[in-house]
Amino acid sequence: MMDESTEKTLINASKLGDIAAFDELVKSNQASIRAYFRMRVFDWAAADDLAQEVFLTAYKRLGTFRGEARFGAWTRGIASNHLRNWLRQRRDEPVGGGEELQSLFTSQIDLSYQFESSVEPEPEEAVMLAALDNCLSKLGRSARSLLDERYHVGKTVREIADGTSRGYSAIVMQLLRIRKILATCIRQQLGPTR
Amino acid sequence: MKKQDADELLARVLGGKSSEEDRASLLDWLAQNQDQRSEAAEQLVIDSLLGVTLEKNSGDDFRDRLLQRLALEQERRSFQNLGARVQLNSRKLGFILGPLLATISWFLLHFLLADAPAIAGKAAPACWAGAVLIWCVVWWIFEPVPIAATSLIPLALFPLFGVLDEVEIADSYANHLVILFLSGFMLSRAMEQSGAHRRLALGLVRMIGGSGGRPLVLACMIASAGLSMWTSNTVTVLILLPIVIAIIDQRRDRQLATPLLLGIAYAAAIGGIASPIGTPPNAVLIAQADLLVAAGQLAHPVGFVDWVKFGLPVSLILVPLAWLWLTRGILPAAPFRIAPLGPWRKAEVRVSLVLGLTAVLWMTRSDPYGGWSSLLGVPTLKDSTVGLLAVIALFLIPNGNRDGKNLLEWEHAAKIPWNVLILLGSGIAIGNAIAATGLSQAIAENLNLLGGLSTLPMVVVVVIAVSLLTEIGSNTATSTILLPLLAATALAAQIPPMLLMVPAAMATSCSFLLPVATPPNAVVFAVGEFSIRRMLFEGMVLKAISAVVIIAVCYLMMA
């Protein structure tokens with residue numbers, strides 16, 4: 001996580017229109033904002049679009065940012081407003097489909113984790129991402145290479161199955177297990193209060 | 001469903017590439033197996049985190065795309081700042097320049113035209129008319145006071161300097177065209193109130209644009225042009241903007257964003273050309289034609305159908321050409337889905353019926369064979385009467401809801417743009433004044449504005465000049481200033497006045513280059529999807545295309 005004084009310097013430079021400085025802020029916060037949306041919007045491309053809007057809004061409103069909260073917490077607030085507006089628009093507009101499953105997941109996620117009550121200075125997603133980094137390093141080689149194939153190369157489970165002698169179901173189950181292990185590891189790292 | 005099947009279903013839903021069917025099945029399963037929800041949510045959370053952490057280049061791609069958009073935002077912001085500074089300074093400058101140039105032009109006109117036969121005996125009122133015209137033009141361009149406030153100057157000064165008396169000037173500000181626009185605005189308000197405008201637009205998009213990509217842009221442009229024939233260009237764009245933004249958001253196809261946004265703004269301008277009530281410059285031309293008829297210089301006034309005969313072909317040709325130009329290079333896209341709009345509501349049906357009937361009455365008033373006005377023995381009836389009757393009907397017909405209200409309530413009707421009506425009235429008053437005092441004729445005869453050009457080059461020069469001027473001033477102001485002068489110029493050159501005036505009136509609507517040229521451009525530019533450079537490039541070519549089409553259609557039909 002970026003230290004507070006560097007962040008302040010970057011924010012001041014961004015306020016004067018320095019896009020490179022703002023890019024540094026984006027660099028250290030984009031993952032948590034994108035994760036926030038991906039958990040709540042199935043379509044990852046749509047989630048990333050929403051994350052773009054968050055940083056655009058942040059850039060436009062930098063003048064109103066008084067530094068009482070950290071930049072990450074501030075943009076997280078903007079993200080939650082954007083998500084609310086987006087969901088409302090999807091409901092009002094005759095363009096688009098039903099989001100029942102999404103809202104079921106979102107309420108379950110909010111119940112299981114404490115995202116909405118996350119305290120400053122860091123949003124919960126950022127804390128979890130840092131813990132995930134640690135947990136990934138503890139995984140065995142085969143688990144890690146399966147995750148790389150799935151998430152880094154971007155193969156579907158079917159493509160992975162076709163490339164190995166193992167069946168589709170076996171790979172699905174292994175991925176489920178790995179994600180479960182990672183979830184447990186993250187919980188342990190974050191301590192009992194979370 | 002077994003747990004293993006459900007796990008496989010979940011695996012498909014995770015990662016953001018599942019089908020609607022998968023999601024529906026998973027939803028069913030989770031509804032029946034509530035104990036599994038927390039585990040499924042946990043999988044979703046970890047899947048999202050892994051996606052963000054491990055994805056190849058995703059963070060860099062994300063930032064690159066964001067940087068491009070930030071650069072656009074920066075450009076928009078600096079343009080706004082520059083605009084605000086220029087506006088402030090130009091307001092100060094215009095405040096002084098208006099009366100100063102008016103004084104200078106008074107002396108200049110007095111010096112140059114005092115002996116012109118056209119203003120014999122009316123030299124002083126003619127010079128005052130010219131001076132007030134210059135004052136208004138400068139203030140309309142620089143806007144030291146609101147445009148509508150400037151538009152009140154002739155109302156105060158013309159009687160004071162003996163240019164027009166109180167009755168003549170009142171006749172200009174309450175001209176039948178002003179009333180026609182008043183009724184047009186109120187019809188448009190009723191349409192907005194009922195939601196019929198939205199249904200018509202979405203229905204069109206659904207009908208034509210369902211296959212996505214270029215047809216989708218065409219559908220939005222046709223919807224925009226079609227609506228703009230009956231409502232103001234700005235209202236049309238404001239109606240369509242949320243729909244277009246929803247489409248852009250749903251498709252997330254950036255190559256489609258600029259053609260869609262520019263498409264609705266340009267199509268609104270082009271659609272406005274098609275009908276007399278589409279945009280105020282058309283009314284300015286019709287008012288000028290009335291003056292020419294009164295002076296015996298034109299055989300017939302320009303009626304609703306007369307205008308449509310020129311305007312509609314221009315729009316019908318320009319919309320597809322603009323579409324072809326704006327969507328060049330767009331690849332075919334996946335089909336676009338719009339959820340069903342549901343049954344028509346009573347208010348929507350009733351407003352659409354009133355509007356449809358009004359349009360039919362407008363179009364058949366004097367044609368064919370003298371139209372229904374001749375049948376009823378009132379051949380002098382104007383379109384404004386039809387418009388007002390429609391508005392009164394809207395105030396009387398219940399909207400069909402249980403709230404006991406009618407299709408149009410005064411609280412909504414009162415929100416029409418009164419400032420445009422005042423501007424239109426002042427334009428007619430100024431046109432009246434410079435024709436009545438003989439000033440326009442004297443200028444055309446003495447200053448030889450188009451230097452003995454033959455007809456076609458004269459039309460070409462006029463269309464190009466007007467196309468450029470309209471980017472600086474408002475469309476209505478530009479037509480108000482130029483049309484009386486063009487009428488006199490045409491008469492002096494002994495060519496049919498409509499041959500110069502109609503293409504000029506149409507060209508004033510073609511403000512395609514700058515966001516500041518006309519409100520619809522500003523509205524779509526504010527979305528922040530394209531740069532001014534892009535708009536200049538797209539607009540420049542479209543302006544050239546529109547100039548050629550306008551000249552060709554008008555010349556072929558009138559010469």
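First the proteins, then the strands, lettered A, B, ... as listed; each starts at 1. Model, not experiment: these values are computed from the prediction.
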Between A:Arg38, A:Gln52, A:Lys60, which shows the greatest number of heavy-atom pairs under 4.5 Å with chain B?
A:Gln52
Pick one of side chain, backbone, both or neither for A:Ala51, based on which atoms fall under 4.5 Å of a heavy atom in chain B.
both
Measure distances from A:Phe37 to the heavy atoms of chain B and classify the residue's part below 4.5 Å as side chain, backbone, both or neither.
neither
Please lay out, stage by stage, how A:Val26 and B:Phe62 fare under the test side-chain contact (heavy atoms from CB on, under 4.5 Å).
CA-CA 10 Å; A:Val26 174; B:Phe62 178 85; 4.3 Å; yes
Straight-line distance of A:Ile19 CD1 to B:Leu66 CG, nearest 0.5 Å:
9.0 Å
Note, B:Arg63 side chain near A:Glu24 side chain (heavy atom, < 4.5 Å)
no
d(B:Glu73 CD, A:Phe22 CZ) to nearest 0.5 Å is 10.0 Å
B:Asp5 side, atom CG; A:Ser169 side, atom OG - distance, nearest 0.5 Å
8.0 Å
Between OG on residue B:Ser48 and CZ on residue A:Arg34, distance to nearest 0.5 Å:
11.0 Å
How far apart are the C-alpha atoms of B:Leu54 and A:Arg144, what are their side-chain angles, what is the distance that settles it, and do they pass the side-chain contact (heavy atoms from CB on, under 4.5 Å) test?
CA-CA 11 Å; B:Leu54 297 178; A:Arg144 184 57 208 246; 3.3 Å; yes
Between A:Leu129, A:Leu50, A:Leu175, A:Ile178, who has the most heavy-atom pairs with chain B when the cutoff is under 4.5 Å?
A:Leu129
Is it the case that more than 12 heavy atoms not belonging to A:Lys8 sit under 6.0 Å from its NZ atom?
no
Please classify the contact between A:Leu176 and chain B as side chain, backbone, both or neither, with a heavy-atom cut-off of under 4.5 Å.
both
Out of B:Leu49, B:Leu50, B:Thr53, B:Leu67, return the one with the most heavy atom pairs under 4.5 angstrom to chain A.
B:Leu50
Region of B:Glu42 that comes under 4.5 Å of a non-hydrogen atom in chain A:
both
What I want to find out is whether A:Asp49 reaches B:Arg65 closely enough, with some N-O distance under 4.0 Å, to be called a salt bridge.
yes
Set out, in order, the CA-CA distance, both residues' side-chain angles and the distance that settles side-chain contact (heavy atoms from CB on, under 4.5 Å) for A:Tyr151 and B:Glu55, then state yes or no.
CA-CA 5 Å; A:Tyr151 293 100; B:Glu55 240 174 29; 5.9 Å; no
Salt bridge (Lys or Arg N to Asp or Glu O under 4.0 Å), that's the test. Do B:Glu39 and A:Arg179 meet it? Break it down for me.
CA-CA 10 Å; B:Glu39 195 180 313; A:Arg179 285 193 286 256; over 6 Å; no
Do you know which of A:Asp23, A:Val172, A:Val157 has the most heavy-atom pairs with chain B at a distance under 4.5 angstrom?
A:Asp23
Most chain B-contacting option - heavy-atom pairs closer than 4.5 Å, from A:Leu182, A:Leu136, A:Ile186, A:Leu56
A:Leu56
